[in-house]
Structures are given as C-alpha cells and as structure tokens.
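A short write-up of the structure that comes next.
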Amino acid sequence: MPELKDWIAGFKIDKPELNDFVVKLEGFISDTGFNTSKFENAVAIGLQRKEEEVIKTFREDVEN
C-alpha cells in the first residue's frame with residue numbers, strides 16, 4: 001500500500017481544503033489495504049450520534 005499512502009500525501013498537498021477529511025480517512029488505511037469493516041462501523045456510530053443530536057434538538061424545541 002505504499003502507492004496509496006504516497007497518493008494520499010500528494011492529495012493532501014494538492015487539495016488542502018480536504019485535509020481534515022483525508023486525515024480521518026487515513027486511520028482506516030494500513031499496509032494491507034483499506035479496513036472496510038472499521039470504516040463502516042465508524043460511519044454507523046457517526047450517523048447514530050447525529051440522529052441522537054437531531055432528536056435532542058427536536059425535544060428541546062417542543063419543550064420551549
């Protein structure tokens with residue numbers, strides 16, 4: 001996977017506006033490849049947190 005890591009390093013230079021996203025994505029890339037199960041789990045957790053935030057906001061709006 002050195003080619004992928006080299007490409008990512010170059011991408012971060014070419015597209016600095018995406019640097020935060022790319023840095024987070026790098027956590028799912030190892031020498032053996034892209035860890036899809038770890039990535040899918042992280043996405044599921046992130047979506048669950050956002051859903052909980054939205055529900056909390058709706059409840060606060062109803063109470064006020």
Side-chain angles (χ1 to χ4, degrees):
M1 287 286 124
E3 303 87 20
L4 181 58
K5 290 186 178 190
D6 291 342
W7 179 79
I8 289 173
F11 189 77
K12 288 182 352 186
I13 293 168
D14 294 340
K15 298 285 186 178
E17 65 273 15
L18 298 176
N19 195 49
D20 290 343
F21 173 75
V22 174
V23 167
K24 290 177 183 178
L25 190 62
E26 283 179 303
F28 302 103
I29 299 170
S30 69
D31 291 337
T32 58
F34 187 74
N35 188 335
T36 55
S37 61
K38 184 177 174 183
F39 177 77
E40 289 171 354
N41 188 42
V43 169
I45 290 169
L47 289 173
Q48 182 179 6
R49 287 180 183 163
K50 287 296 176 188
E51 182 179 0
E52 290 169 0
E53 287 177 25
V54 169
I55 291 170
K56 181 180 175 184
T57 301
F58 285 147
R59 286 182 181 150
E60 289 172 355
D61 287 346
V62 168
E63 291 172 358
N64 294 327

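From a predicted model like this one, the values you see are computed outputs, not experimental measurements.
For Glu53, the salt bridge (Lys or Arg N to Asp or Glu O under 4.0 Å) partners two or more places apart in sequence, or in a different chain, are Lys50. The side-chain contact (heavy atoms from CB on, under 4.5 Å) check on Leu18 picks up Phe11, Lys15, Val22, with sequence neighbours excluded. Every residue two or more places apart in sequence or in another chain was checked for a side-chain contact (heavy atoms from CB on, under 4.5 Å) with Ile13, and none qualifies. Applying the ring-ring contact (aromatic ring centres under 6.0 Å, His included) rule to Phe21 yields no partners; only residues at least two apart in sequence or on another chain are considered.
When the side chains of ILVMFWY residues are joined at heavy-atom separations under 4.5 Å, either directly or via intervening members, Val43 and Leu25 end up in a single hydrophobic cluster. Following chains of ILVMFWY side-chain contacts shorter than 4.5 Å, one cannot reach Val23 starting from Phe28, and the two form parts of different hydrophobic clusters. At a threshold of 4.5 Å between side-chain heavy atoms, the hydrophobic network of Ile, Leu, Val, Met, Phe, Trp and Tyr places Ile45 and Val54 in two separate groups.
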Identify every side-chain donor-acceptor pair in residues 33-42 under 3.5 Å, counting partners at least two apart or on other chains, and give the distances.
from	atom 1	to	atom 2	distance (Å)
Asn35	OD1	Ser37	N	3.4
Asn35	OD1	Ser37	OG	3.1
Asn35	OD1	Lys38	N	3.0
Lys38	NZ	Gly27	O	3.3

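Residues in residues 43-64 take part in no ring-ring contact (aromatic ring centres under 6.0 Å, His included) pair, two or more places apart or across chains.
Within a 6.0 Å radius of CD in Glu51, no more than 12 heavy atoms belonging to other residues, nucleotides or ligands are found.
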